[in-house]
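Each chain gets a letter, A, B and so on, in the order its sequence line appears, and its residues count up from 1. Being a predicted model, the structure only gives us computed values, none of them experimental.
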Number of protein chains: 2
Amino acid sequence: MAEADAKFMRTLRELARCYQAFESFSEAHIRATGLTSAQFDIIATLGNTRGLSFKDLGERTLITKGTLTGVIDRLEARELVRRTECPHDGRSQIVVLTSAGEKLFRRIFPAHMAHLSSAFAAVPETQLLHTELTLRRLRELFEAAHELSLEEAEMTGAARSRPRRAA
Amino acid sequence: MAEADAKFMRTLRELARCYQAFESFSEAHIRATGLTSAQFDIIATLGNTRGLSFKDLGERTLITKGTLTGVIDRLEARELVRRTECPHDGRSQIVVLTSAGEKLFRRIFPAHMAHLSSAFAAVPETQLLHTELTLRRLRELFEAAHELSLEEAEMTGAARSRPRRAA
DNA sequence: CGGGAATAGTCCTAGTTCGTACTACTTGTC
DNA sequence: GACAAGTAGTACGAACTAGGACTATTCCCG
């Protein structure tokens with residue numbers, strides 16, 4: 001972003017760097033298990049459950065539905081998960097770990113937790129909480145601004161031609 | 001990640017959410033310009049410079065070389081940037097904005113800054129600095145742990161027979 | 001000055017990502 | 001009970017992503 005004179009750019013840049021640092025630290029370990037990050041996320045989320053719908057999985061892992069189809073496809077091809085029908089809702093499908101998936105989960109999940117925790121060995125819990133709070137506040141700024149900018153877009157004509165939600 | 005009992009998971013989760021919130025807030029605006037995030041990043045980084053090498057671009061935008069080739073290809077196809085030879089180093093190429101690229105930069109960069117700054121309107125500068133510092137510390141944790149785990153991997157035999165791959 | 005190590009970019013593969021359009025099913029309303 | 005509106009998941013296209021193999025060039029050391 002060149003040298004943006006705005007002070008907030010430094011903060012944003014640090015956010016991006018921090019996130020990427022986490023990703024590469026985490027991913028380095030995950031790759032060794034033969035899974036990708038997204039795949040690991042699914043396995044980890046499915047562990048210790050009786051199965052979850054695509055919708056639930058998407059919400060918990062922050063993976064959007066379009067992406068999810070492909071990720072689940074690949075896991076299913078490797079027989080780590082299985083799609084099953086939802087008894088209550090014909091639109092829905094429940095994704096469950098197969099026994100191989102279960103086994104993999106038990107093998108790699110604790111190991112990955114240990115890997116992650118090594119980064120935090122020397123960090124007191126109060127600081128973790130503090131960091132969490134700082135991040136949450138920052139996130140809320142983005143969410144509020146995002147909402148606002150969507151509303152503005154509605155007013156200024158993008159909405160003229162489209163079905164809109166009544167106030 | 002299921003309900004990991006580790007306290008640091010809450011922090012990590014918040015980091016991911018925060019980053020994603022930023023991305024979607026920022027991207028919503030960028031898309032309207034007809035560029036992708038990565039493309040915008042390149043244009044913004046190239047603005048007000050006399051051109052940068054792939055290496056420099058990669059470092060500043062956090063885009064890795066393999067990805068960069070494709071992103072620059074697409075921008076070059078749209079005649080927004082141009083590859084030029086580096087006089088000092090035959091391996092290197094300097095990427096420069098064309099005049100169309102320059103013009104686009106002047107049009108969209110300030111607008112995007114304004115968009116971003118709307119999120120921070122009510123935030124005092126001290127808090128920005130504080131957040132930046134918190135993020136930097138967190139990043140340093142990851143980097144240190146990452147380094148460490150790479151060294152460990154070397155010791156324990158991954159180094160013994162180089163070309164090893166998971167199935 | 002010659003050869004080995006390091007560096008810059010490209011190419012390739014596999015996978016993730018998003019948005020949009022689409023089908024199938026459900027739910028609320030009359 | 002039919003119909004409109006909403007929801008769950010899939011299909012598809014374009015782009016980004018990392019990593020590793022490869023080529024060309026430069027740099028370092030003897």
Respond yes when some side-chain nitrogen or oxygen of [X] is under 4.0 Å from OP1 or OP2 of [N], and no when none is.
X       : N      : result
A:Arg83 : D:dT10 : yes
A:Gln20 : D:dT17 : no
A:Ser53 : D:dA8  : no

Sugar-phosphate, base or nothing in reach of B:Gly66, heavy atoms under 4.0 Å: base
Sugar-phosphate, base or nothing in reach of B:Glu27, heavy atoms under 4.0 Å: nothing
In whole Å, I'd like the distance from the [atom1] atom of [X] to the [atom2] atom of [N].
X       : N      : atom1 : atom2 : answer
A:His29 : D:dG19 : NE2   : C1'   : 19 Å
A:Asp89 : D:dG6  : CG    : C1'   : 12 Å
A:Ile72 : D:dA11 : CD1   : P     : 14 Å
B:Asp41 : D:dA15 : CG    : P     : 17 Å
B:Lys65 : C:dT10 : NZ    : C1'   : 9 Å
B:Glu59 : C:dA8  : CD    : P     : 8 Å
B:Leu75 : D:dA14 : CG    : C1'   : 14 Å
B:Ile30 : D:dA14 : CD1   : C1'   : 17 Å

Can you identify which nucleotide, out of [options], has its nearest atom closest to the [X] side chain?
X       : options                : result
B:Ile63 : D:dG9, D:dT17, D:dT26  : D:dT17
A:Ala38 : C:dT17, D:dG9, C:dT10  : C:dT17
A:Thr64 : C:dA8, C:dC18, D:dG9   : C:dC18
B:Thr69 : C:dC11, D:dT17, C:dG15 : C:dC11
B:Thr67 : D:dA8, D:dG19, D:dT17  : D:dT17

For the residue pair [X] and [Y], categorise the inter-ring angle as parallel (less than 30°), tilted (30 to 60°) or perpendicular (more than 60°).
X        : Y        : answer
B:Phe120 : A:Phe8   : parallel
A:Phe105 : A:Phe109 : parallel
B:Phe25  : A:His146 : perpendicular

Upstream residue (5' side of DNA chain C) when A:Gly90 and A:Gly70 are each assigned their closest nucleotide: A:Gly70
Check: B:Arg91 side chain, C:dT7 base, donor-acceptor under 3.5 Å: yes
Most 5' of A:Asp56 and B:Thr36 on DNA chain D, judged by nearest nucleotide: A:Asp56
A:Glu147 atom CD, neighbour heavy-atom count above 12 within 6.0 Å: no
For B:Ile72 against B:Val95, the heavy-atom pair lying closest together: CD1-CG1, 4.1 Å
Residues A:His112 and A:Ser26: side-chain donor-acceptor under 3.5 angstrom: yes
